[in-house]
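Heavy atoms only: backbone and side chains are in, while hydrogens, waters and symmetry mates are out. Everything numeric here is computed off the predicted structure, so don't read it as measured data. Just so we're on the same page: letters track the sequence lines, and every chain starts at 1.
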Amino acid sequence: MEVESYMGRIVAIDASMALYQFLIAIRAQGGEGTAAAVLTNAEGEQTSHIQGMFNRTIRLLSAGIKPVYVFDGKPPNMKGGELAKRQAKRAEAQKKLEEARAKGDIEAIEKHEGALVKVSKKDAEDVKVLLRAMGVPVVEAPCEAEAQCAELVRGGKAYAAGTEDMDVLTFAATRQLRKLTFSSSKKADQRIVEINHARLLNDIGLTNDQFVDLCILCGCDYTNRIDKVGPKTALKLIKQHGSIEAILKSMSTSPKEYDRVPDEWLDADTRSKRKAKRRAQALARLTNTENRVPLETTKPKEDNNAHHQDIDNKQQQDKNKIQPLAFAATTNEIPAFAPTTQSVNTSTAEATFAATTNEIPAFAPTTQSVNISTEIEATSAPTTTEIVQQPLMTEATENIIPMEVDEDEFIPVKTAELKESESTEIELEEQNDEDESKHVPEYIGARKLFKEHEIIPAKDIQLKWTKPDEAALRAFLIDKMGFAAERVDGAIKKLITAQGSLKQQRMDSFFKVLPKKVDGNVNKRPPPPASKKPAAAKKKKTR
DNA sequence: ACTCTGTCTCAAGACGAC
DNA sequence: CTAATTGAGACAGAGT
DNA sequence: GTCGTCC
């Protein structure tokens, strides 16, 4: 769509997301031997986000679009499992950044700084001050901003949610606008993309409930996923069975498939049964060495092997330790750091054989190691990095051993090691046993978050665009943030003009009764003028 | 040959003078 | 503890 | 359109 189509429309925007992007994108070019950095005022406070928000808002208003900015509240409870991963990642970036600084590696510094960008509470507060002075409404969401944006649209307070994040559709926003930054517009791929929720559901032939399930299957922020189920398969399964429950039930008839369902998705009962079974298998492995015999030897092709080596080496250099380990576990390849690297090329088949045999009961060679690591990550507390690395390290090392050690002396050694790692794992599981009985399958929690997210009802929100407070703006931007007075004055002039012309209503509101649109009436006929095919409306998220 | 998933890497604003 | 990403595109590998 | 600059 062209910008002009949205003249007079109210658009709800996730402010935190926007601020984050400004902080990443708006940087002063580093001089000689200096990394690019965010803009700051004399006190060293970040100002990039102020600059970005100020400009963009004026731009939107000038185009006749009325923005309402929605700020995040408290994060939802559920992100617990994911949280640990993110913390680990962040800590890693922090470390790398310091290393890069020590070495004076500009490129690396910039890269890792980008990964550490954050929007602090203060940054958000500053922007709220700015927006209020501009006469633009601000909404403080109790929880996730995307959910609140969706509510504003559903409740008719806004025409659409303006965000790149597909989650708003899962939150059932009536409409989403993407690429709202019509910068030097008119180019085909610069045009605003409108996605209509009802039409989307109609096109893919799902109810909203099913659509939510589909999004969960494809992978949302709140849950693990079923291995080997991506967008296509998920859609197929939902169409076939109608709900996640029905899909799980159907999968449960095939042990191989059911094994892919993450523990967290099972109800307490099934879950503890599965764990008991795992424990039994672990014990059996320890006591009965004959179990190690059967397997399928998947021979890697020579050239593939070379390729993986290459990747491993690279990862070892510039990635954290968890990743190469996980990689190795998944593929049964030998990690590059392994002491026995030399023998890899000559006896790949043997190595693979050994790795597979030691580890895993014949039915699912690759998934189990993955499951184990997920499990540990999910159950471990603050000290994630340590806990995760230990067992994986033991595992990986142990995979190597058989190549060099004689069977006879190998068995006792290996048993001892195994015992150690197994016990760690079991211990971790047991820590969780008290929660076990009240465990609710993860996908149900996610569903609840999408459908009953904490929000302020749209009817309780009044949005007003008022004349800017010129004095307040000058005080804030010039005196506090150190912006150039001349520029600010010029911008304020634009702002006043834009705000003034907002008073004019949309043309069609003079002769049409429906004010905001053909709402949520599911599958009512799609409005004629809508964008081309919302084929781009595939939900995808992999984290 | 084709389809799908999983993984990795990357980029992420806007103004205004020219 | 305060912080937080996201999506797209390219590509390899598994499965059919 | 590109490019340097915004703080």
Side-chain angles (χ1 to χ4, degrees), chain A residues 14 16-29 36-60 72 74-75 79 82-83 86-87 89-91 93-94 110-111 114-124 144-146 163-167 178-184 187 189 218-219 221 225-236 260 298 300-301 303-304 307-308 311 314-315 318-319 323 326-327 330-331 333 366 370 382 477-478 480-484 486-488 490-491 494 536 538-543:
Chain A
D14 177 347
S16 316
M17 197 65 71
L19 295 196
Y20 184 78
Q21 284 171 337
F22 290 136
L23 285 178
I24 288 179
I26 307 182
R27 322 205 121 216
Q29 66 281 57
V38 289
L39 307 180
T40 54
N41 67 6
E43 277 79 52
E45 300 167 307
Q46 298 187 140
T47 55
S48 290
H49 58 310
I50 305 287
Q51 180 105 63
M53 196 57 114
F54 188 51
N55 287 335
R56 181 175 289 178
T57 303
I58 291 174
R59 165 187 274 271
L60 288 170
D72 276 321
K74 296 181 177 172
K79 288 185 174 172
E82 300 299 306
L83 197 64
R86 287 173 186 177
Q87 277 175 351
K89 229 176 168 181
R90 188 160 271 271
Q94 184 77 56
E110 290 180 356
K111 183 173 166 191
L116 285 169
V117 163
K118 65 169 191 251
V119 178
S120 69
K121 182 115 185 159
K122 179 184 176 307
D123 293 328
E144 297 240 62
E146 297 292 355
T163 175
E164 304 307 301
D165 190 341
M166 290 301 204
D167 275 357
R178 310 189 78 199
K179 303 189 183 171
L180 200 47
T181 60
F182 50 94
S183 50
S184 47
K187 288 187 199 161
D189 69 335
C218 292
D221 283 2
R225 289 174 33 261
I226 302 178
D227 199 24
K228 307 250 193 287
V229 174
K232 296 283 186 183
T233 312
L235 180 57
K236 198 184 83 193
R260 297 197 191 115
T298 47
K301 293 168 220 154
D303 51 348
N304 281 347
H307 177 66
H308 285 315
I311 289 178
K314 200 176 159 204
Q315 286 185 335
D318 56 14
K319 285 283 185 169
Q323 279 183 320
F327 180 79
T330 323
T331 57
E333 292 290 347
T366 52
V370 170
L477 290 172
I478 301 170
K480 177 145 197 281
M481 292 305 180
F483 282 44
E486 197 176 307
R487 286 176 209 271
V488 171
K494 270 199 209 169
K538 284 289 157 337
K539 162 83 184 174
K540 198 176 62 182
K541 272 199 172 183
T542 315
R543 228 137 302 143

Nearest-Å distance once atom [atom1] is located in both [N] and [M]:
N      : M     : atom1 : answer
D:dC6  : B:dC8 : C1'   : 34 Å
B:dC15 : C:dC1 : C1'   : 39 Å
B:dG13 : C:dG7 : P     : 15 Å

Polar side chain donor-acceptor pair, A:Ser16 to A:Asp72, under 3.5 angstrom: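 Checked: A:Ser16/A:Asp72 side chains pair up, N/O donor to acceptor below 3.5 Å.
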Does the side chain of [X] get closer than 4.0 angstrom to OP1 or OP2 of [N] through an N or O atom?
X        : N      : answer
A:Arg56  : B:dA14 : yes
A:Arg59  : B:dC15 : yes
A:Lys480 : D:dC7  : no

Flag, side chain of A:Asn41 to backbone of A:Thr47, donor-acceptor distance under 3.5 Å: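 A pair under 3.5 Å: no.
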Does [X] reach a base, just sugar-phosphate, or nothing at all? Heavy atoms under 4.0 Å.
X        : answer
A:Gly52  : nothing
A:Ala484 : sugar-phosphate
A:Thr40  : base

If I take atom [atom1] in residue [X] and atom [atom2] in nucleotide [N], what distance separates them, rounded to the nearest angstrom?
X        : N     : atom1 : atom2 : answer
A:His49  : C:dA4 : NE2   : C1'   : 15 Å
A:Gln46  : D:dC6 : CD    : C1'   : 15 Å
A:Glu164 : C:dA8 : CD    : P     : 8 Å
A:Ile24  : C:dT5 : CD1   : C1'   : 7 Å
A:Asp167 : C:dT5 : CG    : P     : 14 Å
A:Phe54  : D:dT5 : CZ    : P     : 22 Å
A:Arg86  : C:dC1 : CZ    : P     : 16 Å
A:Asp72  : C:dT6 : CG    : C1'   : 14 Å

With side-chain contact (heavy atoms from CB on, under 4.5 Å) as the criterion, how do A:Val38 and A:Val117 come out once you've worked through the C-alpha distance, each side chain's angles and the decisive distance to 0.1 Å? CA-CA 10 Å; A:Val38 289; A:Val117 163; 5.8 Å; no
Both A:Gln51 and A:Gly230 contact DNA chain B. Taking the nearest nucleotide for each, which residue is further toward the 5' end?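 Taking each residue's closest nucleotide, the earlier one in sequence belongs to A:Gly230.
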Taking for each residue the nucleotide of DNA chain B with the nearest heavy atom, is it A:Thr233 or A:Arg487 whose nucleotide lies nearer the 5' end?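 First, find each residue's nearest nucleotide; the 5'-ward one identifies A:Thr233.
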Would you call A:Met166 and A:Arg178 a side-chain contact if the rule is heavy atoms closer than 4.5 Å?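 The answer is yes; the side chains approach within 4.5 Å.
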Nucleotide of [options] approaching [X] most closely (side-chain heavy atoms):
X       : options              : result
A:Gln29 : B:dC4, C:dA4, D:dT5  : D:dT5
A:Leu39 : D:dC6, B:dG13, C:dA3 : D:dC6
A:Phe22 : C:dA3, B:dG13, C:dA4 : B:dG13
A:Asn55 : B:dT5, D:dC7, B:dC15 : B:dC15
A:Tyr20 : B:dA12, D:dG4, B:dC4 : B:dA12
A:Ala25 : C:dT6, B:dA12, D:dC6 : B:dA12

Identify whether the distance between the nearest side-chain nitrogen and carboxylate oxygen of A:Glu45 and A:Lys122 falls below 4.0 Å.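 So A:Glu45 pairs with A:Lys122 through a salt bridge.
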Ignoring hydrogens and angles, does a donor from either the side chain of A:Arg90 or the base of C:dA3 sit under 3.5 Å from an acceptor on the other?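 Result: at least one qualifying N/O pair found.
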Can A:Asp123 and A:Gln46 be said to form a side-chain contact (heavy atoms from CB on, under 4.5 Å), step by step? CA-CA 8 Å; A:Asp123 293 328; A:Gln46 298 187 140; 3.0 Å; yes
